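Notes follow once the structure below has been shown.
Please read these numbers as outputs of a predicted model, since none were measured by experiment.
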Amino acid sequence: MMANRLLFLILLGVASGLILGGMLPETGRAVQFLGELFLGALLVLVVPLVMASMIVGVSSLGDVRKLGPLGGRTILYFFSTTAIAVVIGLTLVTIVQPGTVTTEEPQPPPKQLVAKPPTIGELARGLLVSLIPTHLFAAMVNAEMLPLIVFSLAFGAVLTTLGKGGRVVIRFFEGVNQGMMGIVRLLMWAAPVGIGALIAGRLGEAGGFSGFWPELARLGSYAVVVVLGLLIHGALVLPTILRFLGRQPIAVYARNMNTALITAFSTSSSSATLPMTMEGVIERNGRSPRVASFVLPLGATINMNGTALYEAVAAVFIAQAYGVNLDAVQLLVVFLTATVAAVGAAGIPEAGLVTMVIVLQAVNLPLEGVSLILVIDWFLDRCRTAVNVWGDAVGVAVMDRLENREPASIAQSTKGSGE
Ligand code: ASP
């Protein structure tokens, strides 16, 4: 089967990347450009895909008023799953207390992290202001997703009111959307090499296994808490939601998302992974394009379960390492700020590390604390990005079901892989 062959090739790519980057770091670094080519090919699709799919998605609702309930439910899903993720993180970090055993010495933090950390108010204001693009092309060039989403929603909605003229434009964007998805299907076959090269390159940069293991060992208990939390959320909580609210078979749904999840792991970017996520959700899992094209671009931008969990764990870990005891009220502040900071984080590598300063500031922790977790962040970023993407994919299943759609049969095999 084509889907199985692709999965096999991707796993082979991951394994080769690990071996190459781990044992021959220099060769790993040398092949990194292949991964960058793959990443570039994905990123170039993101803006046209987000805009075309949102315009087509909103126009296919039939009546723009239907966007209200879908939008409300989607935001509610995003916030509830993010909150659950943070609670898991806070519970684990409080029980395991990884910060009390660390031997790590705080170093001065990198400049860009402390230059001017935003406050929560600034972040909220910035988020609101950034909803309206002042210049459409500037937003496209800078891949500012939220303003593009807002614009595309408004544009798609207005097009539906224009009659024939509007329909022509919608048809055009349907073509753009299909064209982009066509490229994604082709790119799937480059994924094994691209993913392998990205992993080889990053592990090579870390100095191979011999450079990476000591880093992991020093921050072992912290990393274990983050990964364990992500596992509980990704392998227990989200699948339960998928099963009972989305009414989907967990194993099949997850298997059909494998390329997207592995791409998320290898790129550390929800935005770059978006084309793969759409392919997995719509073409392999048979979810409605209408719902997926609304939920996924929005989710890739604001729904970050993994990031929220990590931010909460990291902040409490830093407090523990500095010997600061956070009381219940402060933990509540961590809970709230981690949720907001995750929403504010863009779907790009290390975005969560930057917005985490908001959490630290809110409970008066030294920003230098970030330096404690810096060395291992590239690895944890990958893990949390995969959970972020998985949360979005599960969200589509839930929203699709709530839209009272006839349960579509899940494609056991993929159109995308040529079957
Ligand atoms: N890299 C993450 C993402 O793209 C965001 C983060 O936590 O840094 O989803």
request  = Evaluate the ring planes of F151 and F155, with Trp represented by its six-membered ring, and classify them as parallel (under 30°), tilted (30 to 60°) or perpendicular (over 60°).
outcome  =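 Geometry flag for F155 against F151: parallel rings.
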Plane angle bin for Y253 and W390 - parallel if under 30°, tilted between 30 and 60°, otherwise perpendicular =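 Because their plane-to-plane angle lies in the 30° to 60° range, the rings of W390 and Y253 count as tilted.
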If we only count heavy atoms from C-beta on, is the [X] to [Y] side-chain gap below 4.5 Å?
| X | Y | value |
| --- | --- | --- |
| Y322 | E368 | yes |
| W378 | L203 | yes |
| V50 | M145 | yes |
| V46 | L42 | no |
| I373 | Y310 | yes |
| V316 | L331 | yes |
| Y222 | V226 | yes |
| L360 | V370 | yes |

task = Apply side chain to side chain contact (heavy atoms under 4.5 Å, CB included) to the pair M278 and V184, showing each step before the final yes or no.
result = CA-CA 9 Å; M278 295 192 89; V184 176; over 6 Å; no
message = Between the side chains of D377 and R384, is the shortest nitrogen-to-carboxylate-oxygen separation below 4.0 Å, so that they form an ion pair?
response =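 Salt bridge between R384 and D377, a charged N being under 4.0 Å from a carboxylate O: yes.
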query = Under 4.0 Å between a Lys/Arg side-chain N and an Asp/Glu carboxylate O for E205 and R29?
reply =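 Result for this pair is no, no salt bridge flagged.
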Heavy-atom closest pair, residues [X] and [Y]:
| X | Y | result |
| --- | --- | --- |
| L298 | I75 | CD2-CD1, 4.3 Å |
| M188 | M276 | SD-SD, 3.2 Å |
| Q320 | V93 | NE2-O, 3.1 Å |
| G306 | L230 | CA-CD2, 3.5 Å |
| I282 | A292 | CG1-CB, 3.6 Å |
| V334 | A315 | CG1-CB, 4.4 Å |

Backbone N or O of [Y] within a donor-acceptor pair of the [X] side chain at under 3.5 Å?
| X | Y | result |
| --- | --- | --- |
| R290 | S288 | no |
| D400 | V396 | no |
| R382 | S268 | no |
| T337 | V359 | no |
| S270 | V389 | no |
| Q330 | D327 | yes |
| R284 | M257 | no |
| N305 | A85 | no |
| N285 | R287 | no |
| E283 | G280 | no |

When rounded to the nearest 0.5 angstrom, what is the spacing between [atom1] in [X] and [atom2] in [Y]?
| X | Y | atom1 | atom2 | value |
| --- | --- | --- | --- | --- |
| T82 | N388 | OG1 | CG | 8.5 Å |
| L353 | L380 | CG | CG | 10.0 Å |
| L131 | L148 | CG | CG | 11.5 Å |
| D381 | E350 | CG | CD | 4.5 Å |
| L367 | I358 | CG | CD1 | 11.0 Å |
| T81 | L245 | OG1 | CG | 11.0 Å |

message = Given P275, which partner from the list L45, L296, L187, V44 fulfils the side chain to side chain contact (heavy atoms under 4.5 Å, CB included) test?
response =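 Considering L45, L296, L187, V44, a side chain to side chain contact (heavy atoms under 4.5 Å, CB included) with P275 is found only for L45.
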task = Walk me through it: do L159 and S59 pass the test side chain to side chain contact (heavy atoms under 4.5 Å, CB included)?
result = CA-CA 7 Å; L159 284 178; S59 61; 5.7 Å; no
ask   = Can you name the residues that form a side chain to side chain contact (heavy atoms under 4.5 Å, CB included) with L39, not counting sequence neighbours?
value =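 Side chain to side chain contact (heavy atoms under 4.5 Å, CB included) list for L39, sorted by chain: L43, T267, A272.
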task = Could you walk me through whether L49 and N177 pass the side chain to side chain contact (heavy atoms under 4.5 Å, CB included) test, one step at a time?
result = CA-CA 6 Å; L49 193 61; N177 201 17; 3.6 Å; yes
task = Could you give me the CA-CA distance, side-chain angles and deciding distance for V387 and L309, then say whether side chain to side chain contact (heavy atoms under 4.5 Å, CB included) is met?
result = CA-CA 10 Å; V387 173; L309 187 150; over 6 Å; no
